[in-house]
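What you see below is based on every heavy atom in this structure, not just the backbone, and it leaves out hydrogens, waters and symmetry mates. Order of the sequence lines sets the chain letters (A, B, ...), proteins ahead of strands, with each chain counted from 1.
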Number of protein chains: 2
Amino acid sequence: MKKYPSTIRDVAVEANVSPGTVSKFVNGTQRFSSEVENRLRETIDRLGYRPNVVARSVATGKTRTIGVAILDIHNPHFTGIVKGANRVALQHDYSLLFVATGESQKNERQLLEMLSRRVDGLIVSSRMPDDALEWMRQSPKPSVCFGKLPDTSVPSVGAEGYRAAYLIAQHLVGLAHKRIAFLGFPGARWNAERIRGIHDCLASHGKSLSVFDVEQPSAHGGERACSRIMLVAERPDAVICYNDLIAIGFMKEAQALGFQLPKDISVVGMDNIPFGEYVHPALTTVDMQSERMGEVAMFKMLDCLAGHTDKGFAMLQPELVLRASTMRRN
Amino acid sequence: MKKYPSTIRDVAVEANVSPGTVSKFVNGTQRFSSEVENRLRETIDRLGYRPNVVARSVATGKTRTIGVAILDIHNPHFTGIVKGANRVALQHDYSLLFVATGESQKNERQLLEMLSRRVDGLIVSSRMPDDALEWMRQSPKPSVCFGKLPDTSVPSVGAEGYRAAYLIAQHLVGLAHKRIAFLGFPGARWNAERIRGIHDCLASHGKSLSVFDVEQPSAHGGERACSRIMLVAERPDAVICYNDLIAIGFMKEAQALGFQLPKDISVVGMDNIPFGEYVHPALTTVDMQSERMGEVAMFKMLDCLAGHTDKGFAMLQPELVLRASTMRRN
DNA sequence: ATGAAAGCGCTAACAC
DNA sequence: GTGTTAGCGCTTTCAT
């Protein structure tokens, strides 16, 4: 631990200029006589002066920090988002104030309020009981969300869940599947639109969809739901899972139950988390562009902060990722 | 977006008291006549006053924020750390300023310096070219690191890598393996100690160890290294990987190469990431207590901030997790 | 128990 | 170009 950090005033005194001058120099707000410039440069690194960003923040009202709230940092879909956001933030000299809202006894709303005070804007991925959304609209700080929102006053970015689901269903139908099931998580905001996508596609082929639920949108949740789906008379020959985590859990349990995958049942996930590639059979899924979503969200945020009132929804296109967990029926 | 947030002064005026009084009330620094107390309480929530934490920070010099720097947010070992740290931080009304150092063109040192200015302390998990360590020692803010450090002036927490490695080796020897290999990542700070652990154990049984390297400590790295290990005359009958990610990649590629696991080769990883359970065969590994590490690191940090100069190394005990990727030779 | 006043370190508007 | 002067919103002695 070293001596007390020097302030702008220390520099001013040492260099025989005024604090204001030092400030302007440090921020490149103005040009200087090379005389002063040199003196300043020299003093600054002799003293090892570094601006105090906190003090700067109270003076300017800007923190150059973006708050990022996500549910579960263990879900690679979310870490993808954070990764993308982090990258863009760094490029623009912003930092990320992070909170995993799933981890707290406090309610989400409270957490967001706390976060909000320390940042210039909020990027939020949450279950969002809609009152949080109302709160965001009221907030003086800009927010960006994920998924298509009921109203467009809060900008958001999402991959088109309906289309993603439709694509998967189409793929499965093309593979001649007869009985398709969806293993969803009712607590998730995009559950319904995914069901619609699948349903619409199946309906256009004269097929129906059976829907099952997990209790948790995790691998463990998928494991626990498996037997309910597999150990019945007319079991499905394909199951579409709400996300990859669920799919992976489901596959493990199905195999433990003695089923052969994809021979006995085709399984597909959604998100395209990196691990999908490493399970057996490799998981067919649809890429929901997690990392890109984080990037775009941060770009939108920077836009808001720049005053562009560009609001609105940015739609990313999902992409089918065909691997080995699906196969043609006959 | 709503009206301007009210300040401590607005409250003071409305309630006919001085700003100082409001401050003391808000911070519970003092007791008040119930008269004033009620007036204050009423005005505060009528105005919806919330303290400005940034201004408070410049006045107090404390931010109630801890910086967390990790390399790769996609590695579940690291997200485990963040998760643990986040939980403890939240419990103590601290926030996490997060940066993924692997994501930036800027060097780590610079990133840390930036972070450092906005937080009360730093929790750092990094490749750390040791100059970063020197920097931390010099820094006026407390830091805590992961792993046993060359000197003890910076507190740190780690799972005993030597012991973890020893345990694994012992397990493999007990399973009658003849030719054991280590697939390491030389860039990692704990590579050497893990090698030592394995080596010492093997040596005590009169066995030797062959060491291979990956280029990246990721699943992809493991995949790429696989053929170098497997496609040789006297291939090993067991490989210990530097981490689970590598192990998972290795297994996938080995299977793609036509090998049967664990019949042809036993594979073991380190970390115990949640996914290890879901690959096939389920990965035998050793739990390095990621989440607990994050928690303990944060506790140590809080201790430092409380002035307890408790420094030193906290050692977590690794635990063998036996699954299906290893089997007895004969 | 309450108020007055002096900062915290920095920025920004204005003067010279 | 450079200096002066107010703040930013809050905390914290020190009086009263």
Is B:Asp120 reaching over with its side chain to a backbone N or O of B:Thr63, donor-acceptor style, under 3.5 angstrom?
yes
Spacing of OG belonging to B:Ser139 relative to CE belonging to B:Met136, to within rounding of 0.5 Å
9.0 Å
Carefully, step by step, assess A:Thr43 and A:Arg46 under the rule side chain to side chain contact (heavy atoms under 4.5 Å, CB included).
CA-CA 5 Å; A:Thr43 331; A:Arg46 180 158 52 76; 3.7 Å; yes
Tell me if a side-chain donor or acceptor on B:Ser6 pairs with a main-chain N or O of B:Leu47 at a distance below 3.5 Å.
yes
A:Val53 side chain near A:Arg64 side chain, heavy-atom distance below 4.5 Å:
no
A:Arg117 atom CZ is separated from D:dG9 atom P, nearest whole Å, by 14 Å
Nearest-Å distance, CZ (A:Arg9) to C1' (D:dT5)?
12 Å
Using a heavy-atom cut-off of under 4.0 Å over every strand shown, decide if A:Phe25 touches base, sugar-phosphate, or nothing.
nothing
Is there side-chain contact between A:Tyr49 and A:Val26, with heavy atoms separated by less than 4.5 Å?
yes
With nearest nucleotides of DNA chain D determined for B:Thr7 and A:Phe32 from heavy-atom distances, which residue corresponds to the more 5′ nucleotide?
A:Phe32
Are any of A:Ser18's side-chain N or O atoms less than 4.0 Å away from OP1 or OP2 of D:dT2?
no
How many Å lie between CD1 on A:Ile8 and P on D:dA6, as a whole number?
18 Å
I need the NZ-C1' distance between A:Lys24 and D:dT2, as an integer number of Å.
6 Å
Rounded to whole angstrom units, what separation is found between the CD atom of A:Gln30 and the C1' atom of D:dT4?
14 Å
Just checking B:Asp10: base, sugar-phosphate only, or nothing, at a heavy-atom cut-off of under 4.0 Å?
nothing
Determine the contact category for B:Val26: base if any of its heavy atoms lies under 4.0 Å from a base atom, sugar-phosphate if only primed atoms, P, OP1 or OP2 are that close, otherwise nothing.
nothing
Would a 4.5 Å heavy-atom cut-off, applied to side chains only, mark B:Phe146 and B:Trp190 as touching?
yes
Side-chain ion pair, B:Arg137 and B:Glu134, N-O less than 4.0 Å:
yes
Of all nucleotides in DNA chain C with an atom under 4.0 Å from a non-hydrogen atom of chain A, which is the first and which the last going 5' to 3'?
C:dC8 to C:dA13
With a 4.0 Å cut-off on heavy atoms, is B:Val17 in touch with a base, just the backbone sugar-phosphate, or nothing at all?
sugar-phosphate
Is it true that B:Glu295 and B:Arg292 make a salt bridge, defined as a side-chain N closer than 4.0 Å to a carboxylate O?
yes
Give, ordered by number, those residues of residues 51-60 of chain A having at least one heavy-atom distance below 4.0 Å to an atom of DNA chain D; if nothing qualifies, reply none.
A:Val58, A:Ala59
